[in-house]
Each structure stands twice: as C-alpha cells, then as structure tokens.
2 protein chains.
Amino acid sequence: MTRGEQMQADILSVLMAQDGVMSAYDIMDALKGSYPKIAPPTVYRALSALTKAGQVHRLESRNGYMACQHDHAEETAVLSICDDCGAVEETASNKILDDLAYVAKKSGFVPSRHVIEMIGTCGDCASAERDASS
Amino acid sequence: MTRGEQMQADILSVLMAQDGVMSAYDIMDALKGSYPKIAPPTVYRALSALTKAGQVHRLESRNGYMACQHDHAEETAVLSICDDCGAVEETASNKILDDLAYVAKKSGFVPSRHVIEMIGTCGDCASAERDASS
DNA sequence: TTGCGAAACGTTATGCTATAACATACAGAC
DNA sequence: GTCTGTATGTTATAGCATAACGTTTCGCAA
C-alpha cells in the first residue's frame with residue numbers, strides 16, 4: 001500500500017466511523033492523532049482522489065463529505081440530507097439519471113458529473129415532530 | 001419600493017446583465033458604484049431573500065449565484081453548468097421532481113429544497129472541441 | 001410634525017472552506 | 001546506494017459566509 005493509499009484508507013475509516021457528514025477540517029482534526037503534522041492540502045488531495053473513485057461523496061450544499069454507503073462506485077447517488085439531525089441517506093436511481101441524460105441530450109450538453117441533493121427532514125425527525133405537536 | 005426591495009432589484013439587474021454565474025463578492029464589487037459602503041452581509045441578506053423568492057438560483061457546486069431564467073418561481077430547476085465557458089442552462093423538469101418525490105416517499109423523507117446540477121460541457125463548447133480535434 | 005418602532009443597512013470582526021506554490025521526504029526500480 | 005516520481009509538509013493566502021451590534025431609514029400614528 002502506497003502512502004497515498006494509506007492516507008485515503010485512514011480518511012475513509014474516519015468517515016465510516018462517523019456515520020454522518022464531516023467537513024474537511026473535521027477530518028483533519030480526527031487524523032491529528034496519526035498524523036500530527038497534517039495540513040489542509042493533504043486532506044483535500046486525498047478527498048479528491050476518494051470522490052473521484054466514488055468512495056466518498058461530497059455534499060455540495062453543505063461543503064461536507066461522507067463515505068459512500070453503497071458499492072455503486074459508478075452511479076450517481078441521490079443524497080437526502082436531514083436539516084434536523086444531519087443524517088444523510090443515499091439512494092441510487094437510474095430513473096433520475098435517465099431523465100437527466102434526456103435533459104442533457106436535448107441541448108447537446110455532455111455531463112461529467114451530477115449533483116442531486118434533497119434537503120429536508122428525514123423520516124425519523126418528521127415523525128418525532130408529529131409526536132411532539134400532538 | 002422599500003430599501004430592501006431596491007437592493008434586491010439592483011442585485012437582480014446585476015445578475016441579469018452578467019448572463020452567467022457570479023460570486024457574492026463579484027456582485028458586491030459590481031454594486032460598489034451605487035453603494036460605496038456595501039459589505040458582504042448586505043449582499044448575502046439580499047441574495048437570501050431572492051433565492052427564497054425563486055428569482056435567483058444558488059449554484060451549490062460553484063458557490064455562485066445566477067438570475068432565474070424562467071418564471072417558474074416554484075418549481076425546482078435543473079442547472080447544466082459548463083466547465084469550459086461557465087454558461088448555465090436552466091431546465092424545468094417535473095419528471096425529475098416526481099422521481100425525487102418517489103424516492104423521498106419511500107423513506108418518509110420530507111424535502112424542503114432540491115439541488116439538481118449537471119456539471120460538464122455545454123453543446124457549444126462540445127462541438128467546438130470536436131472541430132478543434134478534427 | 002414629531003416621535004416611535006420595525007426593517008434593513010453598515011461596521012467590525014471572525015470563522016470556515018479551499019488552494020497556490022514550493023520544499024521535503026518516502027518508496028520502488030535499477 | 002542513487003535516481004526518480006509521487007505524496008506529503010509548510011507557508012501563505014484567497015475565497016465564501018455569518019455573528020454581533022450599531023446606525024440609518026421610513027412608514028405610521030398620535
């Protein structure tokens with residue numbers, strides 16, 4: 001395992017342990033134990049490789065990162081982000097991808113990457129709110 | 001017209017004159033003529049009101065802003081962003097919204113906002129590249 | 001017309017996110 | 001061992017966004 005792969009593996013395990021969204025600086029802090037001298041560029045370089053490989057998703061609406069919950073690697077994920085508890089659910093939808101491909105084709109657009117995020121309240125928090133108000 | 005409405009109208013006209021993505025600081029610079037003392041919070045406050053009203057879209061993957069090209073106001077837009085020339089095309093797709101609603105419903109997620117962005121190469125740039133390489 | 005109060009802007013400061021540019025260290029091939 | 005490419009470390013800075021509080025503006029009512 002090269003140094004680069006080691007760093008990426010460490011970041012991935014930090015993200016998987018967290019089960020939620022982390023900022024790049026959160027990740028850096030978590031790695032301070034193993035890498036006392038770590039600095040932002042190192043984290044961003046590794047995150048860039050991991051997102052390109054599909055092992056990590058970047059949440060554009062949050063400037064955050066999370067481990068991929070599936071093994072899809074290739075497909076684009078739909079990310080449902082809860083404003084209340086911060087939980088993120090990842091869903092694969094070929095249907096949406098087909099729709100986007102259709103939209104792109106109509107105007108000759110050649111997509112290289114998709115961002116599909118829903119911001120709102122997750123099922124758990126939504127039912128908790130219903131209980132509280134009843 | 002209240003002060004707030006005036007500021008929002010001025011920002012909107014700056015964005016419409018630009019025909020592309022602008023950062024909040026780009027907008028602020030453009031307003032320095034009319035508002036010599038303008039500072040970031042003012043711009044962000046107005047942008048927040050405009051995005052809530054659907055007159056301005058925030059491009060999450062770019063941390064940028066653009067004037068809404070349609071009159072939809074309510075519907076969510078699909079934004080196709082060209083990496084080469086920066087142009088953004090806005091498309092309305094109820095089909096994609098239906099698909100997202102279905103995804104949300106399956107897990108009880110209650111969405112309040114959608115982010116749908118395609119990053120890639122626009123039709124014009126794609127054909128220019130083809131011409132250049134032939 | 002004067003004074004009140006809400007809304008919006010200004011000011012200051014700061015925090016978070018991200019990258020540029022260059023130096024250093026590591027790992028594998030030879 | 002030395003060469004070479006790759007990744008990390010270091011330093012600095014650019015870019016994005018908001019907190020907290022003071023000040024101005026303006027409609028409205030007395």
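- The pair K106(A)-E89(B) fails the salt-bridge criterion, with no side-chain N (NZ, NE, NH1 or NH2) lying under 4.0 Å from an Asp/Glu carboxylate O.
- The OG1 atom of T91(B) sits 9.5 Å away from the CG atom of L100(A) when rounded to the nearest 0.5 Å.
- Contact annotation for R58(A): backbone-only contact, meaning every heavy-atom pair under 4.0 Å involves sugar-phosphate atoms and none involves a base.
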**Asked** What one-letter contact string describes nucleotides 10-16 of chain C from 5' to 3', where B marks a base within less than 4.0 Å of any protein heavy atom, S marks contact via sugar-phosphate atoms alone, and - marks no contact?
**Response** BBB----

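- If you measure from atom CG of L59(B) to atom C1' of dC16(D), you get 15 Å, rounded to the nearest angstrom.
- A side-chain contact (heavy atoms from CB on, under 4.5 Å) with I96(B) is found for exactly one of I116(A), D99(A), D98(A), namely D99(A).
- Atom-to-atom, CD of Q8(A) to C1' of dT8(D) comes out at 12 Å; the value is rounded to the nearest Å.
- At whole-Å resolution of the value, CE in M28(A) and P in dG9(D) are 11 Å apart.
- D124(A) is linked by a salt bridge (charged side-chain N to carboxylate O under 4.0 Å, His left out) to nothing, counting only residues two or more places apart in sequence or in another chain.
- Across all their heavy atoms, V21(B) and G64(B) have their closest contact at CG1-CA, 3.7 Å.
- Distance D29(B) CG to dC16(D) P: 11 Å, rounded to the nearest Å.
- Note on N63(B): a side-chain N or O is less than 4.0 Å away from OP1 or OP2 of dA17(D).
- Between the P atom of dT8(D) and the CD atom of Q6(A) lies a distance of 10 Å, rounded to the nearest Å.
- When rounded to the nearest whole Å, the span between CZ of R62(B) and P of dC16(D) equals 11 Å.
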Donor-acceptor contacts under 3.5 Å from residues 10-18 of chain B side chains, at least two apart:
residue	atom	partner	partner atom	Å
D10(B)	OD1	Q6(B)	NE2	3.1
D10(B)	OD2	Y35(B)	OH	2.6
S13(B)	OG	D10(B)	O	3.0

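- Note on D83(B) versus R62(B): salt bridge recorded, some NZ/NE/NH1/NH2 to OD/OE distance being below 4.0 Å.
- Taking atom CD of E60(B) as the reference point, atom C1' of dC16(D) lies 12 Å away to the nearest angstrom.
- For Y65(B) and dC16(D), the OH to C1' distance is 8 Å, given to the nearest whole Å.
- Within the structure, a side-chain polar atom (N or O) of Y44(A) is placed less than 4.0 Å from OP1 or OP2 of dA18(C).
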